[in-house]
Amino acid sequence: MQLRRDGVLVPLGPQLTTLLAILLLELGKPVPSRRLATLLAGDDVSDAARATLRSHVAHLRRALEPGERGRRGKGLIATVGHGTAAGYRLDLEPACVDAVRFEESLRESRRLLALGDTGQADRAVAILRTALDQWHGEPFADLADKPFALAEIARLQAVRRAALLTYAEAVNELGRHAEAMGDLTGAVAADPYDVGLRCVLALTLYLDGRTDEAAEVCRHGLALLGRRGIDAPELHGLQRDILRREVQQPTGGSVSQPSVPRMLPPDLPCFVGRAQELSTAEARLIGRDEQRSAILLVLGPAGVGKTSSSLRLAHRLAPRFSDGQLYANLRGFDATATALAPTEVLRAFLEALGVAPEQIPTNLNAQMARYQAQLRDRRILIILDNAHSADQVRPLLPCSTTCVTVVTSRNRMSSLIAVDGAHPLTLGLLDEEEAGQLVRDRIGADRAGKEPQAVSEITRLCAGLPLALSIAAARAAANPQFTLRSLADDLARAGVLDRLTDSDSSMDVRAVFSWSYRALTPAAARLFRLLGLHPGPEFSAASAASMAGVSRRAANALLAELTGAHLVGEPVPGRYVLHDLLRAYAGELSEAEPERRAALRRVLDHYLHSAVAADRVLMPYRQPVSVVAPEEGVTPEDIAEGDPLVWFTVEHQTLIAMVGCAAQAGLDRHAWQLAWATATYLGRGSYWHDVLTTQSLALSAASRLDDRSAQAQCRRELSHALSGLGLPEQARDQLHRALTDLVDAADPSGQAYIHLSLGWLCELQGDRRAATHHDQVALELFKRGGDRSGQARALNAVGWDYAQVGSYRQAIGYCRQALSLHAELSDDAGAVNTWHTLGYAYHQLGEYTIAVECYEQALCLNVGHRFKEAEALAHLGDCHHALGDITAAATSWGRAYAIMTELHTDGVDAVRAKLELCGTRTRMPAAGHVEGERRALRTAPSTRSPEK
């Protein structure tokens, strides 16, 4: 490793030499700083090792560009990324590296030799001679013990060997045998077991008239190889022919070399991202044997950059495939031309490989045989772009371990993976940083830097799709007089697909999507159109089945077709998404769909009935609503087979969107009932903003229906959200208006629940007297209505009121009555609050061990109510602390603190203060009294549900 600046050697220490070598091996690609630190300092990835790395980088920057300072992103060594994800990239012109120039000389000489002209052959020999003369020593000689350099050392040695053999063969055919003798003799001395080099040296000596020396080279090689147990039939045959003077000599006059195809289209000048994907692809195609695959299948939706990524990969790999590169656009998804047949492609490939047109068979099988024979033992890279099916690709695959094939397609082509061993590489959308970089590269960093927010808006509207980003950036570049903000606003206002269009259909996002859409079966195309109506960010197969009015089995098959065509994504098994631009395209198609409203009603029925069933599991004794039977063809989720809380969590954002969708479509019953069905889950998670959004829409819908009972339900849920958001007066107003809604309704239970909520609100505001009044009114109303679940809740509320004024024994009495009712009803959800109240009462009485058991019961039965969980944990920590168990106290407080921090609740500072005082000890209560209270609690019926 040497660095020369203006021809003068720049001294580098061992660490800088190693650093430069690593960056050269990954020339033009970012190398993570963690990997650099590890390679330089072993397994030490401490802050000190990273600081040392930064120092080495600074020194190397000064060595490369002594006049440049402080240019982290613009010098020859660019800093990429930030923080722990940062890395460094060497942005050096490849021509500055001697090994790169050597390989270019080899490629150019082979190109000249392929022309078959003596004059050009002379030029090729001169180029090779110059290159060989400039080769000094072994590659990376001072880093030969570094594992990261071994693969490149071996590759460069192979390149030099190939250059030497090409040079020797060329001068031999030109009759200038002596010119290759020195290089060949030295190469054989350096590697005496290389049969190929030894054969060329022997042949060169023979052609120069030195028959005895040629035979001796063969004899000596056979002896060496024989001692290692290696048979060399090629060397045996050459020795025999030399001794018999029967070696075939070149005819002279022209140098004939196998045709070396160079069919790759030019690489894109502006290419962003895909670093991880390209590294994975390289590892698969040229990595270690256990990782290698001869076929790489690059998959992804239309416009995601499959072709550009594959061409970037091909140009990176081209130097490793010295026998050439073949490329064909198979036109699998082309609106203006039919897909290419394998016979057409094979004919073009065979001609590129040097087969005369008149010698190319017309039969497909015969063409395949000739094609595979041409590729045997040759290192050729094959790019099959835009393939439609495995049947189109399979005849073009080489039966050779020395060739590799890269296939791009919008279709999944599973049989190519399963049968032919292709390795799939799926390209997704660009992330925000990569998308922004693409736009900046196309329009210029200066212009983009003046309007960063507009650039972010453009990238958001283009959904990270490279084609869309390229079109939007091209429009900006073509109109420098436009501000980027005006372009972003125009994209949003006019409809993004209308602005992502061009006279060239290959640069029109809508047209490119249409090519995939037109290839669908009618049933899959119908489902795709209907999915444009789905407002959620993702959806399940069951909801798609309901929307289309088909069975789940049929929906699974249609979704498999859509995901296979990359019109729908499946980020996790069973969950499907459309990225924003495909959603917009499907939405446009759905506008003309005759069953649009019927499909919308079906999908709303799906989510409504699924949510009601899930809510019923979370709150079995919640006052029910009357839900109309679902439309024919609707298949709600089977909540009994899973966890309702998990289902709500997964469908959270979709359910919020469904409420808005129902309200916008004028389906008011669906709107308010969907909001009702989600209220328990949202309240338990303290998602108060979502409750406010959904219940406001629900209240408007219930008002349009003139349903007073529904309005009261909505106002009660609204009051909970307003209170949770710190707006108690607005919450109180909603509850009083809810009572007004129910004044004429024969619904004592509905009124009772309003009073319970008023009691809770009064307590929060410190008005304990009013709280007690509302809770006692609720208890009487529940008794009047025969609502036993409501009675249990009201008994607990009254018990809590007594506890708040210090009447702890009376509070315990009310709570034991409540527990009995909860147990009779198997209402675990209702029992949670009662155990919490009991824990509080016993804690205030100083009976901490009993309190611990109560709080643990509350935690055991709690399902998804994060605030209640945090509250119980905080009190449980207080009890453990009072008992002197500091470790348990700290654990409970720590868990409470984490939840409260997440929910931004008011008690978080108090819990943090307690965590800082974990050294305090409290006197334990008398053991006899504790045991007596334990016995009293054991007589209460169990609130646990029977095991299923």
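- Note that CG of Leu600 and CZ of Arg597 are 7.0 Å apart. Values are rounded to the nearest 0.5 Å.
- Asp741 has its side chain within reach of Arg715: a pair of non-hydrogen atoms, C-beta onward, lies under 4.5 Å apart.
- For Trp800 and Tyr814, the distance between ring centers is not under 6.0 angstrom.
- Here CD of Gln711 is found 6.5 Å from CG of Asp706. Values are rounded to the nearest 0.5 Å.
- Heavy-atom minimum distance, Trp647 versus Ala614: CE3-CB, 4.0 Å.
- Taking every heavy atom of both residues into account, Asp605 and Ala629 meet most closely at OD2-O, 4.4 Å.
- Aromatic ring centroids of Tyr842 and Tyr808 lie 6.0 Å or more apart.
- Residues Glu538 and Val650 form a side-chain contact, since some pair of their non-hydrogen atoms from C-beta on lies under 4.5 Å apart.
- Side-chain polar atoms of Arg793 and Ser789 form a donor-acceptor pair below 3.5 angstrom.
- A distance-only check finds a donor-acceptor pair linking the side chain of Ser540 to the backbone of Ser543 [under 3.5 Å].
- To the nearest 0.5 angstrom, Leu735 atom CG is 4.5 Å from Leu758 atom CG.
- Counting only heavy atoms from C-beta outward, the side chains of Glu824 and Arg788 approach each other to under 4.5 Å.
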### Query
Hey, mind stepping through Gln695 and Arg716 against side-chain contact (heavy atoms from CB on, under 4.5 Å) and telling me if it holds?
CA-CA 9 Å; Gln695 294 300 330; Arg716 180 168 179 256; over 6 Å; no
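- A salt bridge between Arg895 and Glu871 is absent, with no side-chain N of the basic residue lying under 4.0 Å from a carboxylate O of the acidic one.
- Between the side chain of Ser723 and the backbone N or O of Ser719, no donor-acceptor pair lies under 3.5 Å.
- A distance of 12.5 Å separates CG of Leu756 from CG of Leu761, quoted to the nearest 0.5 Å.
- Ring pair Phe539/Tyr576 is parallel by interplanar angle, where below 30° counts as parallel and above 60° as perpendicular.
- Considering every non-hydrogen atom in both Cys762 and Ala771, the closest pair reads CB-N, 3.7 Å.
- Side-chain contact check for Trp893 and Asp878: at least one donor-acceptor pair (N or O, by modelled atom type) lies under 3.5 Å.
- The two residues Gly587 and Ser590 have their closest heavy-atom pair at O-OG, 2.7 Å.
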### Task
Evaluate the side-chain contact (heavy atoms from CB on, under 4.5 Å) criterion for residues Leu718 and Ser696: first the C-alpha distance (whole Å), next the side-chain angles of each, then the deciding distance (0.1 Å), finally the verdict.
CA-CA 7 Å; Leu718 262 178; Ser696 296; 3.8 Å; yes
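- With rounding to the nearest 0.5 Å, the separation of CG in Leu645 from CD1 in Ile639 is 11.5 Å.
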### Task
Please report the C-alpha distance between Leu821 and Gln791 in whole Å, then the side-chain angles of each, then the deciding distance to 0.1 Å, and finally whether the side-chain contact (heavy atoms from CB on, under 4.5 Å) criterion is met.
CA-CA 8 Å; Leu821 284 173; Gln791 287 180 54; 4.0 Å; yes
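- In this structure a side-chain-to-backbone donor-acceptor pair under 3.5 Å is present from His822 to Gly830.
- Arg704 forms no cation-pi arrangement with Trp672, by the criterion of a distance under 6.0 Å to the ring centre and an angle within 45° of the ring axis.
- At least one donor-acceptor pair under 3.5 Å links the side chain of His606 to the backbone N or O of Thr635.
- Looking at Arg737, its side chain never comes within 3.5 Å of a backbone N or O of Arg732 through a donor-acceptor pair.
- Under the side chain to side chain contact (heavy atoms under 4.5 Å, CB included) rule, Tyr607 has a single partner from Thr678, Val634, Leu674, which is Leu674.
- Atoms OG and CG, on Ser546 and Leu530 in that order, are 12.0 Å from each other to the nearest 0.5 Å.
- For His843 and Tyr855, the ring centers sit 6.0 Å or farther from each other.
- Between Arg575 and Glu651 a salt bridge is recorded (basic side-chain N to carboxylate O distance below 4.0 Å).
- No more than 12 heavy atoms of other residues, nucleotides or ligands shown are found within 6.0 angstrom of CD on Gln664.
- In this structure, a donor-acceptor pair under 3.5 Å is present between the side chains of Gln765 and Glu729.
- Between the side chains of Glu432 and Thr459, no donor-acceptor pair is found at a separation under 3.5 Å.
- Taking the charged nitrogens against the carboxylate oxygens, Asp801 and Arg768 have no contact shorter than 4.0 Å, which rules out a salt bridge.
- His836 and Asn796 share no side-chain donor-acceptor pair at under 3.5 Å.
- In plain terms, the two heavy atoms of Ser709 and Leu742 that are nearest each other are CA-CD2, 4.0 Å.
- In this pair, Phe648 and Tyr681 present their aromatic rings parallel. The plane angle is below 30°, not in the 30 to 60° band.
- With contacts defined as side-chain heavy-atom distances shorter than 4.5 Å, the pair Met619/Arg684 qualifies.
- Here the shortest heavy-atom pairing between Gly536 and Thr654 reads CA-OG1, 3.8 Å.
- Taking 4.5 Å as the limit, every side-chain heavy atom of Gln804 sits out of range of all side-chain heavy atoms of Thr772.
- The shortest distance between side-chain heavy atoms of His534 and Cys661 does not fall below 4.5 Å.
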### Task
Begin from the C-alpha positions of Gln673 and Val612 and carry the test side-chain contact (heavy atoms from CB on, under 4.5 Å) through to its verdict.
CA-CA 8 Å; Gln673 290 184 342; Val612 167; 5.9 Å; no
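- Between His720 and Trp688, the gap from one ring centroid to the other reaches at least 6.0 Å.
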